Amino acid sequence: MRFPAIVGFSLALLFGGVLIPPAKAQAPDKFRIAGVIPLSGAWGIIGENMRRGVTIAIEERGGQVLGKPIEMVWEDTETSSQVAVQKATRALAQGAQTIFDEVSSGSTLAIMKLTGQRKVPLIVTLSADERITGADGNRYTFRTSNTVPMENAMIGEFAKRQSVKKMYGIVADYQVGREMWTALKADLASKGIAVVGEEFAPIGSKDYSIILDKAVKSGADGLALIVVGGDVVTALKQGGEINLPQKMKVMGTMLMDETLGQAIGPAGSLGVSSTLRYHFTQDTPRNKKFVAAYKAKYGELPSQYAGEAYDGMSWWLDTVESTKVWDKEKWVDAFRASVREDSVEGVKRMRSCENQAEQVGLFGTAVAGAEGGPAVTMKVVETFPASALFKPCP
Amino acid sequence: MRQVKHSEVLTVGVLVLLFAAAPFVTGDEGWLYLAALIMTWSIFALGYDISFGLTGLLSFGHAAFFGMGAYAASWAMLSAGLPFSVGIVAAIGAGGLSALVFGFVGRRVSGLYFSLMTLMLAELISIVMTTRLRHLSGGVDGLPGVPRPQAFGIDFFNAANFYWVIFALFCLTLAFCAVLKSSPLGQALRGVRQNAVRSEQVGFNVGALRLTALTLSGCLSGLAGALLASLMMYVSPQLLGWKMSGDVVIMTLLGGSGTPVGPVIGVTLVELLREGLSATTEHWYGLLGVIFILCTIYLPEGVAGLGRKLWRR
Amino acid sequence: MAALGSRSSSVLSCQNVSVRFGAFQAVNNVSIDLAAGQTLALIGPNGAGKTTFINAVSGRVSLAAGRIRLGDADITNVPVHRRAAAGLGRSFQIINIFDQMTVLENLRLAAQSRAFGWQPCWRPVSAWPALERRAREVAAMVGLEAELDLPVTMLSHGKQRAVELGLALIPDPKVLLLDEPLAGIGHSEIEPTMELLQQVRKGRSVLLVEHNMDVVDRIADEIVVMVGGEVLLRDRPSAIWNSAEVRRLYLGSEVAGHA
Amino acid sequence: MSTFVIGLSIAMLLFLLSAGLTLIFGMLGIINFAHGAVYMLGAYVAYQVAATTHNFWLALCVTPLVLAVVGAIIERLVLRPIYDRPHEFQLLATFGLILVLEEAVRMIWGLQLRSIATPPGLSGSVHVFGTDISKYRLFVVVFGAAMVALLFFGIERTRLGLILRASSNNAGMAEMLGVEVGRVRTAIFALGTALAGIGGAIAGPMLPIQLQMGFSVILDCFIVIIIGGLGNIRGAVAGALLIGMTRAYGQQYAAEWIDIATYGVLVVTLLVRPQGLFGIRLRTA
């Protein structure tokens, strides 16, 4: 009898504490940014890296823009687009001046509709779906990172340069994966590379060994592995069991980096090639500064997610600063016409026709790391110029 | 007994007043949004409790009714271009229909097997919608841009205006559940829960009553699904997933099943806890778990049950 | 006394009824007729198949063979609730009532099933005063006027028996199946319950399973003795008590003392 | 042939998890929704031991011991008060447990995906029957078969097994005969969690070790034990083989349809034989 009463009392206290709304600044005495990203669930680790990159971008400018302090609010989307939309709706309701979002293209596409309607700028630094700055694009949505067509073009070109003759495709069974594979197949055909087989695996498959076995037996010398999240690790780890990277050239988008290499282990990683959104070895002054600051704060080298997040956010904040006025429309206009001469990857140019950053494309291959460092590290083997990846704005 | 009844009416009244007063007390859209979310989930939980608290059918598959309602409304409004009101009706129909199918398929199993059966059926629907019906459901990406009502020149994309739509439907649902509980049907369902053998023997068609309860429950779940889709302007197959089913069971249990107040309290509690804990600590997730466990052990009748005990004292 | 052997006017007629549980034959080829207004007692040792037979008649178990007719209708494959609606009431050996309700709620609920085809859900049950009236009527009949608003769990065993009986009586059934209505009742309550049974059986046919032979003797018009799932004997009480077979069966039990 | 071996290895992993689940249900009457989280914890514990000592075999031995202790604590604190409650409360409590376990793992190991290196002798593949078969998979199959044999022997041929069965059939009677039912219950739950721990350790070199690994596997385990009949260990073996093979051959011939086929089979099973393919008919009413 007594215990329930105590529990109830503490619950009531919690209730009460929660019900009192914390003091919120409604007047624009702060520059509010809401980061709507996964901080738990399958992509929590990616979101965590993005958060770090953004944090550096804000700290770098003393936490201020236009003379106002930046208030950064993080909303955990739990790797669920449903939650992502819910959190974005709330962030908008609380009057954020900028939304920074998501890993998943699906979530970004949904959130874009909300931010576009509320005329709030949305900065995308990871979601790659073509529609974000294409068919579904709107004035307020900007992407500073790669697009799927861009990554596809790189894979096709890379396969050709590696003189792959026959390609096998293993594709995650979802919309973006299927669309990407269809486009890639067309590209490969135009380059004279035969597609000898394809397999669609449900997202979250716990066993790829059989599919990989089929790919090896197909006689293909190249494998396009278009899977996402934890499935990358499952597939490559099980590939390691049969020394897959030594049997065929494995390539894909976001398929390999230092983080994934650590989770997969050397057997499944070494020799795997992947597009890279960013790499810490980029030889630019801004990148050197960023890597130093990142190492000082977090004690490790920045991942590609952190690098891209940093780059997008610092570019946006610099642009806002440059307008010198508190006016969202002015910021958007300025960003649309903006050229980033000193991004971490060299020159990035915002394409005003679609709010998409035009930039170089990187391709890397996993190699054994130096003694004492991580066992697997990425080596940038190809850098594709922007002109090869983008058509000029009409 | 009488006193208990009074306490319930009082609590419901206070709750409704609180929700009604919210837009006047705070202009903060974030809080309004949270309140709208709580009311939407309350409709879901109230619907769930018709099946669970009233009739004793422990379903682990209510996400299917919720999600199908959301999709039915979205399809009606997005693809067919029908008005919001038709979308809502479609959602209620779709929720009820899927519940009818579940009930029919599961008519021969009961107890734990009924729970597992509903869980698996819902999972099946969720997988089919995610993979096979990708062109209809939008796949894992879902369908963005679910509309809100357009009527009388009121801008329902304004959070405060849409709030009143949800509030009205919430009140209607509360009233419906309260009347249902005291109606002949509600009494018959209570009878089925307490003693199915006796119910049959006094001439009730127990199978049909269970099916009716599940269908009504599905209708309200579908309604809630449509409101959530409209509130978030987004729908995805995650609404059909078993986490949703789990959430509604947990909220109903925490609040206390079998009363109109319990589910609403449960939803409010869980949502506010999530909100409050995630704002104050990184480890809110685990803390929520500890609270669930403590509540199971020490509050078998939910928070509403605790309230009843204190009231009687 | 009701006419003996008037098979043509029987309200309940069971022909060659068999019930099997796996390999076990619980009821074997039993034919029993119940005439209008007749009270028939079913006796026999434990495991004789009496309760199983009652379950077969009320529809709780399905038949392996045989037919059951209620009045003119063949109810062999009719579900329990429709048999009940057709005028077949029953009470259970172990008290079987709605245990989280008051007496009034119990009886009113029973009254509902006949009152509506589809149970309405748009108005409180109090909008139909006829239901409560019927509940009070039956409560008065079984002696529960004073306990109407009490939760049934607070009643004595005898009073709970009365609720059990009341639930069966609400629709005013033509045929009443009573499975040990005196089971677990204290000595002081036997006499009033007897009175109640006497009153209840007026104007309807009753099939009674009971172990208290004193009660059986006073109430039954006829007795059927069952052993091992089969009918051993059917006769007037006096003839039964004098039967050598029955004496052998009940040697040392209360029947022996009765002779 | 490689499909067959891979199918068997999936089945063995599923069996290790389902056996604990079905044991706990059959003997304690608890549906442990947190069983997947326990398996996840096992994988992390195994990772920690393997990463510290560089010895997979040590990890395989230590993990079940650690998990048994964790299981015993869980049983005492969380389950003991709710044995007599309806199933919905078990759902609530074990769901809370999932949240707590996940939080604990997140606090200790973070969000980073982890991996256990394949033990030296078992890395790479052997060439048999015209295909390459991973040596580690072969080990998993042999190890799993040994566990099945050990479990059957333990439950059906030893005194301990007798006590376990007696206490689950009739707790009151067992108590009269001098068995401390409370202790036996703790032991059963600890055994179940230890099995899940072994499963986690075994999975380490094959699957990414991450917070979600429990969620994705628990539904498969439910399917296994429903098909096999709740509480039936023999059924769990058969169910695990059936699902393992369905998954493997499904992957081979129609990867896109596996999930739908699995759930379809399950729903039909529930409809036609709700007691499971190998279950004793339970009273469903």
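Computed from a predicted structure; not experimentally measured. Keep in mind that the numbers below use all heavy atoms, side chains included, and drop hydrogens, waters and symmetry copies. In the text below, chain A, chain B and the rest are named by the order of the sequence lines, each starting its count at 1.
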Among residues 156-174 of chain C, which ones touch chain B with a heavy-atom distance under 4.5 Å? C/E164, C/L167

Crowded around B/R107 CZ? As in, over 12 foreign heavy atoms under 6.0 Å? yes

Interatomic spacing from CZ in C/F98 to CZ in B/R190 - rounded to 0.5 Å: 10.5 Å

Heavy-atom proximity to chain C below 4.5 Å, by part of B/T212: side chain

Are more than 12 heavy atoms from other residues, nucleotides or ligands located less than 6.0 Å from atom CZ of C/R69? yes

Any residues in residues 108-128 of chain C near chain B, with a heavy-atom distance under 4.5 Å, and which are they? C/R108, C/L109, C/A110, C/Q112, C/S113, C/F116, C/W118, C/Q119, C/P120, C/C121, C/W122, C/R123, C/P124, C/V125, C/W128

Under the criterion salt bridge (Lys or Arg N to Asp or Glu O under 4.0 Å), which of C/R60, C/R90, C/R82, C/R83 is the partner of B/E200? C/R60

Nearest 0.5 Å please: distance from the CD atom of B/Q201 over to the CG atom of C/L88. 7.0 Å

Any chance CD1 of C/I94 has more than 12 other-residue heavy atoms, nucleotides or ligands included, within less than 6.0 Å? no

Nearest-0.5 Å distance, CZ of residue B/R198 to CD1 of residue C/I97: 8.5 Å

Interface residue of largest heavy-atom contact number with chain C, from B/L216, B/V197, B/L209, under 4.5 Å: B/V197

First locate atom CG of C/N96, then atom CG of B/N195, and finally report the distance between them rounded to the nearest 0.5 Å. 4.0 Å

